[in-house]
Colleague: 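Have a look at this one before I ask anything.
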Protein chains: 4
Amino acid sequence: MISQNRITDPSSPRGKLLASAAKLFKKKGYSKTTVRDLAAEVSILSGSIFHHFKNKDEILFAVMNEVVIAMDEALKSEIKKAHTTLDKIRVLIYIELQFIHGKTSNATAVLLHEWRALIPEKQQQILSSRADYFQLWDEVLIQAKSEGLIEVEPEYLRHFLHGALTWTSHWYQAGGELSIDGLTDRVLILALKNNIDQ
Amino acid sequence: MISQNRITDPSSPRGKLLASAAKLFKKKGYSKTTVRDLAAEVSILSGSIFHHFKNKDEILFAVMNEVVIAMDEALKSEIKKAHTTLDKIRVLIYIELQFIHGKTSNATAVLLHEWRALIPEKQQQILSSRADYFQLWDEVLIQAKSEGLIEVEPEYLRHFLHGALTWTSHWYQAGGELSIDGLTDRVLILALKNNIDQ
Amino acid sequence: MISQNRITDPSSPRGKLLASAAKLFKKKGYSKTTVRDLAAEVSILSGSIFHHFKNKDEILFAVMNEVVIAMDEALKSEIKKAHTTLDKIRVLIYIELQFIHGKTSNATAVLLHEWRALIPEKQQQILSSRADYFQLWDEVLIQAKSEGLIEVEPEYLRHFLHGALTWTSHWYQAGGELSIDGLTDRVLILALKNNIDQ
Amino acid sequence: MISQNRITDPSSPRGKLLASAAKLFKKKGYSKTTVRDLAAEVSILSGSIFHHFKNKDEILFAVMNEVVIAMDEALKSEIKKAHTTLDKIRVLIYIELQFIHGKTSNATAVLLHEWRALIPEKQQQILSSRADYFQLWDEVLIQAKSEGLIEVEPEYLRHFLHGALTWTSHWYQAGGELSIDGLTDRVLILALKNNIDQ
DNA sequence: TATGAATGAGTATTCATTCAT
DNA sequence: CATGAATGAATACTCATTCAT
């Protein structure tokens, strides 16, 4: 589903490093993950990390940046396939949940929860990469508002949904009794103006 | 509005330390706030901090614990004054927003965003203090469900709302064009099953 | 048995402090015993210690000095009562064991084992107070040598016996199957030239 | 004389660190020797110490452990070469004096005098390594007792001699008028039952 | 590219001591 | 005399980063 353009080959040393970094940053937090931890995870010595990344910041940035690119590409690709505005809203929610709970959950968690660990300069870079993604959300929600599908102002709704979705990483377990589709359905109910019976 | 039982007197040395800690932990993050930073903020020397708290962990815990207690007391007190279930749902949302964006916003931000920095043992303590607060939410939402006011299962809805509210700290600015009351209204729309016209 | 001249009254605040200091210094070592530990032991606050002693060094010095004085007085007094040289040697050994394992064992242990913790200047003071005590040992042993009671040179023998006696604090338990008298007998055997049958 | 199995190569960084640690721990005591002192002694920076040892405790342990191993090996090897029980007793004393006053005097002094500075858990490890050494002493002394060479019970005698020998570090100067052989002779006189004329 | 020893600035924490009350 | 909050220098230890091999 997700195209891998501009994404490091996961079987390369750099790719393995990024995957391990995402895993450890999620598990222990960025600041508590040492470069030595990371080196140990990929069975090299700490000094060798710096042949692949200039410094620890760069690793965090790369983890985040790759997931940002992947999310944007995935959303663009899936939105195209959706024909009604309702379907498009569903895609917005579903893709985000897929990233949070699917194969890229580690990197996505890092993007969402280690934001402040990133140095401000690089936060800006990520934000501008992420603008496209939010733009897609806004387009769909503005259309939905004009169609009377939603009630709350699109910008506010985007923030509300983003918050609700992000927070699922703290309580939702993929593989439990509630599927990601089921979860998507419930979030959709929140978003929509239920005036008739949807 | 908020009773101050079991809360450190804010004019005491300990109280000042806690307020400054909340401010700095919010601004720079717990792990990047040094004990020296904190001491400088209250114009004492770093060693003197340990006259008031056994270690840095204890400070984070105290900041969180006081806000947990205050939230619980505030919610209990306001819920009592609300007569309809609809009013009660509004109170759930309003109180949380008040804590996130009002006078206790620093401490509340720390509670919500520095969770992982807290050592696991103390996370447990906070969680059990917080159980009361969540219990209040559940009681109201279960009642609302039985009255047909909401559609999504109460537990899921609580998580969605909690996420949406928490996330407001990243984008909403109190004092802007949208008041906290206005913000509360919008969140309420999400929560409710709008079958007639609310 | 031990006269209390020049020794602090044990029921006075200073006396209680010294007794507690001896106890703690023996148990935890001087450097690991904090002024706060000591204050807690006598139920005062740490700042109050400095009304009784100028600094921590002084406490260690006082503990040592009092036991040095007491040992000297005890030995002088008991030697007088011994009539033969053999009896006197026995007294040398017995008194030392009595101090190491009797009521003053804490302070004696501190004197013997915390020597290096004392600042050099005060080590000199203790050494000169202790000269009298060693003088008594030397007088007795020189006489013993001239009578053919011992074989090894008196000065060496004094060191050997002193080492053997000091070391008993690491293995001998008063109140066990071997009494202090029994222990004295065994040390005496070492000291004496057993040419006939002692 | 001393085989170096299981002993760190003294020319390696770790070996140099251990030698310097032994020297400083003897001179100033363990607790008064700072990690910075130690680093300065080997001309590295304090942080680099922790490249070789996990913490300060480990350094003390390593110093003690190496000398314990060396003493055991030296004693085993020399005891084998002694044919009579009398010779063996002499070896017990001589080896201990060699360690206390010979090339390994620093480390041996640390083993004997910094015992309490070692954390209890590691004291146990040293004690169990040291059991072999004491076992050799006991075997020889028990044999000596059965041959009528000594009078005092072997276990007590071991403690007395150990104390007397340990104490020599406080007064005996190698290279003075009394040689280590001469010192050994004097201690031997203490140990033996001099019934005829030895 | 990988190693691993060394760096050096930084961290939380300790503790004897002071002093206004 | 006692208090207890504050001091401030010192401590062990951490860790991202460098660099000769």
Side-chain angles (χ1 to χ4, degrees), chain A residues 12-14 17 30-40 42-60 119, chain B residues 12-14 16-17 30-40 42-60, chain C residues 12-14 17 30-40 42-60 119, chain D residues 12-14 16-17 30-39 42-60 119:
Chain A
S12 70
R14 183 186 158 100
L17 218 33
Y30 172 77
S31 75
K32 284 188 179 165
T33 301
T34 69
V35 169
R36 278 188 157 76
D37 290 336
L38 189 45
V42 293
S43 304
I44 57 174
L45 288 187
S46 67
S48 309
I49 297 257
F50 298 92
H51 288 288
H52 301 281
F53 294 93
K54 225 172 69 196
N55 51 42
K56 199 183 165 192
D57 281 334
E58 294 276 2
I59 304 175
L60 179 60
I119 58 172
Chain B
S12 69
R14 184 187 157 100
K16 285 178 190 163
L17 219 32
Y30 172 78
S31 77
K32 284 190 178 163
T33 301
T34 69
V35 168
R36 280 185 160 79
D37 291 336
L38 188 45
V42 292
S43 304
I44 57 173
L45 289 187
S46 69
S48 307
I49 298 257
F50 298 93
H51 206 266
H52 301 282
F53 295 94
K54 229 172 65 196
N55 50 44
K56 200 183 164 192
D57 281 336
E58 294 274 3
I59 304 175
L60 179 59
Chain C
S12 69
R14 182 186 158 101
L17 218 34
Y30 172 78
S31 75
K32 285 189 178 164
T33 301
T34 70
V35 169
R36 277 188 158 76
D37 290 338
L38 188 45
V42 293
S43 305
I44 57 174
L45 289 185
S46 67
S48 309
I49 297 257
F50 298 91
H51 289 288
H52 301 282
F53 294 94
K54 227 173 67 195
N55 52 42
K56 200 185 165 192
D57 281 336
E58 293 275 1
I59 303 175
L60 179 59
I119 58 172
Chain D
S12 69
R14 183 186 157 101
K16 284 177 190 162
L17 219 32
Y30 172 77
S31 76
K32 284 189 178 163
T33 301
T34 70
V35 167
R36 278 186 158 78
D37 291 337
L38 188 46
V42 292
S43 304
I44 58 174
L45 289 187
S46 69
S48 308
I49 298 258
F50 298 93
H51 206 268
H52 302 281
F53 296 93
K54 230 172 65 195
N55 51 42
K56 200 184 163 192
D57 281 337
E58 293 274 3
I59 304 175
L60 179 58
I119 58 171

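These figures come from a predicted structure and were not determined experimentally. Just so we're on the same page: letters track the sequence lines, and every chain starts at 1.
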Colleague: Could I get the full list of side chain to side chain donor-acceptor pair (under 3.5 Å) partners for Ser12(A), not counting sequence neighbours?
Modeller: none
Colleague: Output the rounded distance in Å from NZ (Lys56(B)) to P (dT14(E)).
Modeller: 15 Å
Colleague: Using every non-hydrogen atom in the two residues, find where Arg36(B) and Ser46(B) come nearest and quote the distance to one decimal.
Modeller: CG-CB, 3.9 Å
Colleague: Please report the closest heavy-atom contact between Ala39(C) and Leu45(C), naming both atoms and the distance.
Modeller: CB-C, 3.7 Å
Colleague: Would you mind reading off the distance between Lys32(A) atom NZ and dT14(F) atom P, rounded to a whole angstrom?
Modeller: 14 Å
Colleague: State which of dT13(E), dT11(F), dA16(E) makes the closest approach to the side chain of Thr34(D).
Modeller: dT11(F)
Colleague: Which pair of non-hydrogen atoms, one from Asn55(D) and one from Phe50(D), has the smallest distance, and what is that distance?
Modeller: CA-CE2, 3.8 Å
Colleague: Assign Thr33(D) to base, sugar-phosphate, or nothing according to its heavy-atom contacts below 4.0 angstrom with the strands shown.
Modeller: sugar-phosphate
Colleague: Rounded to whole angstroms, how far apart are CG on Asn55(B) and P on dT14(E)?
Modeller: 8 Å
Colleague: How far does OG1 of Thr33(D) sit from CD1 of Ile59(D), to the nearest 0.5 angstrom?
Modeller: 10.0 Å
Colleague: Could you tell me how far apart Asp37(D) (CG) and dT11(F) (P) are, to the nearest whole angstrom?
Modeller: 7 Å
Colleague: How far apart are the closest heavy atoms of Pro13(D) and His52(D), and which atoms are they?
Modeller: CB-CE1, 3.6 Å
Colleague: By a strict heavy-atom criterion of less than 4.0 Å, which residues belonging to residues 42-52 of chain D are in contact with DNA chain E?
Modeller: Ile44(D), Leu45(D), Gly47(D), Ser48(D), His51(D), His52(D)
Colleague: Can you measure Tyr30(C) atom OH to dC15(E) atom P for me and round it to whole angstrom units?
Modeller: 13 Å
Colleague: So, do Tyr30(C) and Asp57(C) sit near enough that their side-chain heavy atoms are less than 4.5 Å apart?
Modeller: yes
Colleague: So, for Val42(C) and Leu17(C), which heavy atoms are closest and what is the spacing to 0.1 Å?
Modeller: CG2-CD1, 3.4 Å
Colleague: Let me know the distance between CZ of Arg36(A) and C1' of dG4(E), rounded to the nearest Å.
Modeller: 9 Å
Colleague: With axes from five pairs an end, tell me the bend angle of the helix from dA2(E)-dT21(F) to dT21(E)-dA2(F), nearest 10°.
Modeller: 10°
Colleague: If you take all heavy atoms of Asp37(C) and Lys32(C), which pair is closest and at what distance?
Modeller: OD2-O, 3.8 Å
Colleague: Could you tell me how far apart Asp57(A) (CG) and dA16(F) (P) are, to the nearest whole angstrom?
Modeller: 11 Å
Colleague: Between dA16(F) atom C1' and Leu60(A) atom CG, what is the distance in whole Å?
Modeller: 14 Å
